[in-house]
Amino acid sequence: MRSVGDNLKNELFILTSLRLMERVADTLGLDVDYTAQRALHTVSLYDCRPVEVEFAVPAVRNVAFTVEKLDEDVCRLSAFEGLGDEEEDAARKAVIDVRFGVPVNTPVGTLTMQRTGHFAGLKKGARFTVTRYTPRTAAQICKAKVSAAEYDKESSLVVIGCNDVNARRAEDILNEIFAAYKRDVVDNKNRVAQNTADFVEERIALIGNELASVENRLVNFKKQNGIINITQSAQTFTTESAAARKLTLDLETQLGIAEYLADYVNKHTNTNELIPALNLTGGDFNGQITAYNSLMNERNRLAENSSEEQATVREADRRLAELRTAIAASLRSYVQTVKMQLRDARDNERLISGSMAGVPEKEKQGLDIQRQQALKEALYTYLLNKREDVAMQLAINEANVRLVEAPIGLNAPVAPRRGVIMLIALALGIAIPSLVIWLRTLLDVSVSGRKDIEELTNIPIAGELPRWKTDDKSPNISACSSDAPIAEAFRILRHGINFMKRNARVFVTTSTTPGQGKSFVSTNLAIVFGKTGKKVLLIDGDVRKRTISHQFGRNAGLTGFLNDDGNSVTLDDIVIPNALDQNVDFIPAGMLPPNPSELLMSDRLEELMRRALERYDYIVIDTTPMFSVADAGILSRVAEVTLYVVRVGVQDKAFLADLERMYQNNHFNNLCIVLNDVDVTNPRYSCSYGYGYGYSNSSGGRRRRNPFGRSKG
């Protein structure tokens, strides 16, 4: 923390400039870095480096190599890097044994290894890495570690920080930055004084020669005219003209210095040099010269830290040119004013001299020489005093900055911050799965569960069938245990259908597309009806694909009955008794006719339903998908309840809007939805309709109560 001058932002830039960092890196030797691998991280050996490497030539590129301790006097260099593509491979394979204090040629140049006190503490075979940077790279690395900021808006204090893996090196960097900045301030302050000193020395030499010449003239004049003391011989003249002579002398002194200064300003119009600060009496340009020198000093510092084309440098040049023009104009005005005053003073002096005609001509000549001598002596004395003032300024090496508080190291590392990393990891652990789930939900256009149907339609859901994994190509719940979740789900479906239309006996199952599970639902619904002791007839109405009929061969079946106009085919001819389970008879689809749709539209279908209802309690008809062919719509005319099978993950959500319109327009008799292939592992289905309760197995465990309040079966 330090106190600085007026322009705080400029000082912040200078404190972290590359120019200053190059000085710091050079002083501390930061162009050579010593590091070692410790576990999973790299540590700096700045304050405990085992060796000092001295390079014979300046660095032109960044290089690195590995040092291995062989014994107390010899170490091995290997793994040279940073030499370019052509030399890299050969340098990596190079292995050089080096003795301490002996110069050796290596792929990175000639170098000498010097042992330090820490080398003895290394074990044999210990390795560390030496990296050599160019001065610019070392300065950039140092600059990246350093930060400077205002302490607050109300003060001129600056807080400088340094983040480094080595606390000792960070402290040395901060101390050296302060020392280098202080030297820079002192050098900058002394530039004005040095420029003034050079000007004063030049004028002292010139005025000294002129004074010697005038004194020689006075001596020769006295010798030639035999005059010992001109002052006594012209006492009266001196008394009367003392005031006039003193005024003339002062004005001539001011005029000479002003002309010297104006000549200097005119000759140095296009340079970046400072203007001598002579502080002439009555000149309003003294403050302008002080402002000019301050601005020129700031401009030169900015140019050193950036470039001549920088906007701030160009703006400073513009302001300097304006100040230089104003100073020149002020000097010209001042010279003219002094000349006028001097002319008046000389006229007055001549008037006094004319009134003293009786004074001998020789005395008048001697007095004129003495007057010139006094003028030169006054100029010479003024310049000598000015030289002493400038010498005093140069002797003062204190800068207007001071160290308020020494560098303070933190006990805990500032990076990496474990708490922040853990918080970020936790946030990512939550955000990434959430994003994946959100994307899957966004990209999934299929029905995912009961909620989708309830949100998009008003169609009642008769039941939900859980996912059932089985190797059987024609899954039949009669083959599984009575307390299996799939069997319980069909019982719940049977119970739910009764709420759709009590005493309904004819059911038609259909779906939007193949693969939704309508044949699976038809078959097992017929079986679950048969479990109650009722007579059930299952009809394969899908005369095109014949999904259920494949296992029963090609019998006359449904198409045989519908195609018979002479009543030669009876119901007994096409029914297969107990085909799927006890109490469940089956009518296969029969042979594929050339006109399936027209055949299903015949009145023989109603005749078949009438005869079947006389013998069976329930009739389940498996039809084709609704939008594949027209068969499903034709068969639905004989249905009392239409079961529309929707399979999770298969049915597109977009179709539910069309299904809702068909429901509202009564295209189907008592339409309801059967949700198939529900993932019961999903928490929202864990208690749905009873089959997620985990009924006990057949070994005799305690059964849990059915949600509908009825026993199974």
Asks: Using 0.5 Å steps for rounding, measure from the CG atom of Leu525 to the CZ atom of Arg491.
Replies: 13.0 Å
Asks: Please answer whether the main-chain N or O of Ala64 pairs with a side-chain N or O of Glu81 as donor and acceptor at a distance below 3.5 Å.
Replies: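 Not at all, since once roles are kept as given, no pair shorter than 3.5 Å links the two residues.
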Asks: Residues in side chain to side chain donor-acceptor pair (under 3.5 Å) with Asn458, at least two apart?
Replies: Glu660
Asks: Under the side chain to side chain donor-acceptor pair (under 3.5 Å) test, which residues partner Arg544, sequence neighbours left out?
Replies: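 Testing Arg544 for side chain to side chain donor-acceptor pair (under 3.5 Å), a comparison that skips the adjacent residues, returns Ser597, Asp631.
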Asks: I need the Arg610 CZ to Leu571 CG distance, nearest 0.5 Å.
Replies: 10.5 Å
Asks: Nearest 0.5 angstrom please: Gln37 CD to Arg127 CZ, how far?
Replies: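 Reported to 0.5 Å precision, the distance equals 12.5 Å.
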Asks: Compare every heavy atom of Ala94 with every heavy atom of Phe80, then report the nearest pair and how far apart it is.
Replies: CE1-O, 3.9 Å
Asks: Is there a donor in the side chain of Ser522 and an acceptor in the side chain of Ser519, or the other way round, less than 3.5 Å apart?
Replies: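 Ser519 and Ser522 do not have a side-chain donor-acceptor pair below 3.5 Å.
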Asks: Can Thr523 and Leu538 be said to form a side chain to side chain contact (heavy atoms under 4.5 Å, CB included), step by step?
Replies: CA-CA 7 Å; Thr523 302; Leu538 174 63; 4.1 Å; yes
Asks: Does Ile477 offer a backbone N or O that forms a donor-acceptor pair with the side chain of Asn524 under 3.5 Å?
Replies: yes
Asks: Applying ring pair (Phe, Tyr, Trp, His ring centres under 6.0 Å), can you list everything that pairs with Phe561, at least two apart in sequence or on another chain?
Replies: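 Once residues adjacent in sequence are excluded, Phe561 has no partner under the ring pair (Phe, Tyr, Trp, His ring centres under 6.0 Å) criterion.
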Asks: Which residues pass the side chain to side chain donor-acceptor pair (under 3.5 Å) test with Lys545, not counting sequence neighbours?
Replies: none
Asks: So which atom in Leu45 and which in Phe128 form the shortest heavy-atom distance, rounded to 0.1 Å?
Replies: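 In terms of heavy atoms, the two residues are closest at CD1-CB, 3.9 Å.
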Asks: Distance from Asn583 atom CG to Thr532 atom OG1, nearest 0.5 Å?
Replies: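 Those atoms lie 8.0 Å apart.
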Asks: Restricting to pairs with a member in residues 436-461, which pass ring pair (Phe, Tyr, Trp, His ring centres under 6.0 Å), not counting sequence neighbours?
Replies: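 Of all non-adjacent pairs touching residues 436-461, none passes ring pair (Phe, Tyr, Trp, His ring centres under 6.0 Å).
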Asks: Just so I know, are the side chains of Trp468 and Cys480 near enough to count as touching, which here means a heavy-atom distance under 4.5 Å?
Replies: yes
Asks: Test Phe507 against every option in Asp622, Val641, Ile619 by the side-chain contact (heavy atoms from CB on, under 4.5 Å) rule and name the one that passes.
Replies: Val641
Asks: Using 0.5 Å steps for rounding, measure from the CD atom of Gln664 to the CG atom of Leu659.
Replies: 10.5 Å
Asks: Among residues at least two apart in sequence or on other chains, which ones pass side chain to side chain donor-acceptor pair (under 3.5 Å) with Thr642?
Replies: none
Asks: When you look at Arg611 and Asp572, which way does the salt bridge (Lys or Arg N to Asp or Glu O under 4.0 Å) test go after all the steps?
Replies: CA-CA 10 Å; Arg611 295 182 183 181; Asp572 293 329; over 6 Å; no
Asks: Is the centre of the Phe520 ring less than 6.0 Å from the centre of the Phe490 ring?
Replies: yes
Asks: Would Arg450 and Glu464 count as a salt bridge (Lys or Arg N to Asp or Glu O under 4.0 Å) here? Give the steps.
Replies: CA-CA 8 Å; Arg450 184 188 189 98; Glu464 298 177 73; 2.7 Å; yes
Asks: Just checking, any donor-acceptor pair under 3.5 angstrom between side chains of Asp564 and Ser568?
Replies: yes
Asks: Under 3.5 Å, side-chain donor or acceptor atoms of residues 645-656 against the rest of the protein: list the pairs with distances, not counting sequence neighbours.
Replies:
| residue | atom | partner | partner atom | Å |
| --- | --- | --- | --- | --- |
| Arg647 | NE | Asp677 | OD2 | 3.3 |
| Arg647 | NH1 | Gly515 | O | 2.9 |
| Gln651 | OE1 | Thr512 | OG1 | 2.8 |
| Gln651 | OE1 | Gln516 | NE2 | 3.0 |
| Asp652 | OD1 | Ala654 | N | 3.0 |

Asks: Counting only heavy atoms not in Met662, do more than 12 sit closer than 6.0 Å to its CE atom?
Replies: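 Counting neighbours around CE of Met662, more than 12 heavy atoms of other residues, nucleotides or ligands fall under 6.0 Å, so yes.
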Asks: With a sphere of 6.0 Å drawn around CD of Gln582, does it hold more than 12 non-hydrogen atoms of other residues, nucleotides or ligands?
Replies: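 No, not enclosed.
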Asks: What heavy-atom pair brings Asn166 and Ser44 nearest, and what distance separates the two atoms?
Replies: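 Residues Asn166 and Ser44, closest heavy atoms: ND2-O, 3.7 Å.
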Asks: How far apart are the closest heavy atoms of Pro596 and Val543, and which atoms are they?
Replies: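 Shortest heavy-atom contact: CB-CG2, 3.8 Å.
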Asks: Residues in side chain to side chain contact (heavy atoms under 4.5 Å, CB included) with Ser147, at least two apart?
Replies: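 By the side chain to side chain contact (heavy atoms under 4.5 Å, CB included) rule, Ser147 matches no residue at all.
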Asks: Could you check if a side-chain atom of Tyr644 sits within less than 4.5 angstrom of a side-chain atom of Val674, using non-hydrogen atoms only?
Replies: no
Asks: Could you tell me if the side chain of Leu558 sits less than 4.5 Å from the side chain of Leu608, heavy atoms only?
Replies: yes
Asks: With a cut-off of 6.0 Å (strictly less than), are more than 12 heavy atoms of other residues, nucleotides or ligands near CZ of Arg615?
Replies: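 Result for CZ/Arg615: enclosed.
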Asks: If the condition is salt bridge (charged side-chain N to carboxylate O under 4.0 Å, His left out), which residues does Asp585 pass it with, not counting sequence neighbours?
Replies: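 Salt bridge (charged side-chain N to carboxylate O under 4.0 Å, His left out) check on Asp585 returns Lys535.
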Asks: Hey, what do you get for CD1 (Ile459) to SG (Cys672), rounding to the nearest 0.5 Å?
Replies: 9.5 Å
Asks: May I ask you to decide whether Glu454 forms a salt bridge with Lys451, counting only side-chain N to carboxylate O separations under 4.0 Å?
Replies: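 No.
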Asks: Under the criterion side chain to side chain contact (heavy atoms under 4.5 Å, CB included), I'd like the reasoning laid out for Asp542 against Thr623: C-alpha separation, chi angles, the key distance, then a yes or no.
Replies: CA-CA 5 Å; Asp542 188 354; Thr623 66; over 6 Å; no
Asks: Would you say that Leu600 contacts Leu635 through its side chain, given a criterion of any heavy-atom pair below 4.5 Å between the two side chains?
Replies: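 Leu600 reaches Leu635 side chain to side chain.
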Asks: Which residues satisfy the salt bridge (charged side-chain N to carboxylate O under 4.0 Å, His left out) test with Asp603, sequence neighbours excluded?
Replies: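 With sequence neighbours excluded, Asp603 shows a salt bridge (charged side-chain N to carboxylate O under 4.0 Å, His left out) to no residue whatsoever.
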Asks: For Glu598, what residues pass the salt bridge (charged side-chain N to carboxylate O under 4.0 Å, His left out) criterion, not counting sequence neighbours?
Replies: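 Listed in chain order: nothing, the list is empty.
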Asks: According to salt bridge (charged side-chain N to carboxylate O under 4.0 Å, His left out), who are the partners of Arg132, at least two apart in sequence or on a separate chain?
Replies: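 By the salt bridge (charged side-chain N to carboxylate O under 4.0 Å, His left out) rule, Arg132 matches no residue at all.
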